[in-house]
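Reviewing the structure listed below.
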Amino acid sequence: VYLDGGRFNQPFGDTVQFDLIPQAAIHGLSLLDASPIYGLNALGGAISLSTKTGVSDPGLEAGISRSRFGGTEASMAGGLARGDFNMFAAVQYNRDKGWRAFSPSRLVNGYLDIGLDTEGGGLHIKAIGAKTTLTGNGVAPVELLAASHRAIFTAPDISKNRYGRISLHPWVALSQHSRLEGTLYAQTLK
C-alpha cells in the first residue's frame, strides 16, 4: 500500500492500518496489478492512495453520527485555494463501546496539506498524526456464542498506535498533461 507515493503498509506486507488516516483526507484509490516497481511485497498488486489538496477539494464538510452500540464519530475537513497557495486539513474522532463485552475502541487522527502550485511546478508539505486504541477481541467457541452473542473468550486484544508522518512532494511540469513528482517522507509508528 502506498500513500502519496510513499510506502504505507508495515514491514509485513499484509498489515495495513487504515485507522491511521482520516477518511475525509482520502482523495482516491487505485488498484494496481503486479509490477516489480512496487517491490517484492506487491507480487499480487498494490493499492495506491492519494490525499486531498486545497485545489482538488475546496470547501468545508463536517459530519457527526451515533451508532446503535454507543459509538460516536465526528469528522471535519476543509480546503481552500488562493492564487498559487492552497491548503487542506481534516480531523476525525471515533469512540465506540463495541457490540461485544470489553470491546471499546477510540481513534483520533488528523491530516494537513500545505501547497504552492504554479504552472511550471510546486511543492506540497503533508503531515498525518494519529492516536488509536482499537479492541477487537478474537474468536469465541460456538457454544459460548450460543449462550450470548456478545461473549468473548479471551481479553484484552488491544492494538494501541501512535503514528506520525511528514512528507515533501516537489513536482515539475513536463508538459500540459504530465508532470514529474518526487516524494520524501519520514514516519514513526509506536
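Quick caveat: nothing in here was measured; it's all calculated off a predicted structure.
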>> Do F88 and L29 sit in one hydrophobic cluster, given that two such residues count as connected whenever their side-chain heavy atoms are within less than 4.5 Å of each other, even indirectly?
In response: yes
> At their closest point, which heavy atom of L32 faces which heavy atom of S48, and how far apart are they?
Replying inline: CD1-CB, 4.0 Å
> Given side chains that start at C-beta, do those of L168 and I125 come closer than 4.5 Å, heavy atoms only?
Replying inline: yes
> Counting only heavy atoms not in F153, do more than 12 fall under 6.0 Å of its CZ?
Replying inline: no
> Should I128 and F18 be counted in the same cluster of Ile, Leu, Val, Met, Phe, Trp and Tyr side chains packed under 4.5 Å apart?
Replying inline: yes
>> Is there a path of hydrophobic side-chain contacts, each under 4.5 Å between heavy atoms, that joins I64 and L60?
In response: no
> Any idea which heavy atoms bring A173 and E119 closest together, and the distance?
Replying inline: CB-O, 3.6 Å
> Under the salt bridge (charged side-chain N to carboxylate O under 4.0 Å, His left out) rule, what pairs show up with a residue in residues 172-182, not counting sequence neighbours?
Replying inline: R179-E181
>> With clusters defined by side-chain heavy atoms of hydrophobic residues (ILVMFWY) lying less than 4.5 Å apart, directly or transitively, does V139 cluster with W99?
In response: no
> In Å, rounded to the nearest 0.5 Å, how long is the span from CG of L3 to OH of Y185?
Replying inline: 9.5 Å
Which side-chain N or O atoms in residues 107-116 pair as donor and acceptor under 3.5 Å with protein atoms at least two apart or in another chain?
| residue | atom | partner | partner atom | Å |
| --- | --- | --- | --- | --- |
| N109 | ND2 | D19 | O | 2.8 |
| Y111 | OH | T51 | OG1 | 2.9 |
| Y111 | OH | K52 | O | 2.7 |
| D113 | OD1 | H124 | ND1 | 3.0 |
| D113 | OD2 | H124 | ND1 | 3.0 |

> If you measure from CG on N161 to NZ on K190, what distance do you get to the nearest 0.5 Å?
Replying inline: 12.5 Å
> So, for Q92 and Q23, which heavy atoms are closest and what is the spacing to 0.1 Å?
Replying inline: OE1-N, 2.9 Å
> For R106, does the CZ atom have more than 12 heavy-atom neighbours from other residues, nucleotides or ligands under 6.0 Å away?
Replying inline: no
> Taking the side chain as C-beta and beyond, is there a heavy-atom pair between I21 and F8 under 4.5 Å?
Replying inline: yes
> Closest approach of L20 and A130, non-hydrogen atoms and distance?
Replying inline: O-CB, 3.6 Å
> Can you tell me how far the NZ atom of K131 sits from the CZ atom of R162, to the nearest 0.5 Å?
Replying inline: 4.5 Å
> CG of L80 to OG1 of T53: how many Å apart, nearest 0.5 Å?
Replying inline: 10.5 Å
> Taking atom OG of S103 and atom CD1 of I158, what is their separation to the nearest 0.5 Å?
Replying inline: 9.5 Å
> Is there a chain of hydrophobic side chains (I, L, V, M, F, W, Y, each step under 4.5 Å between heavy atoms) that links V16 to L49?
Replying inline: yes
>> Between Y2 and T183, is there a side-chain heavy-atom distance shorter than 4.5 Å?
In response: no
> Is there a side-chain contact between Q17 and L189 (heavy atoms, below 4.5 Å)?
Replying inline: yes
>> Give me the atom names and distance for the closest heavy-atom approach of L144 to A151.
In response: CG-CB, 3.6 Å
>> Between D4 and S50, is there a side-chain heavy-atom distance shorter than 4.5 Å?
In response: yes
> Shortest non-hydrogen contact from T135 to F102?
Replying inline: CG2-O, 3.5 Å
> Out of curiosity, Y93 OH to M76 CE, how far, rounded to the nearest 0.5 Å?
Replying inline: 15.0 Å
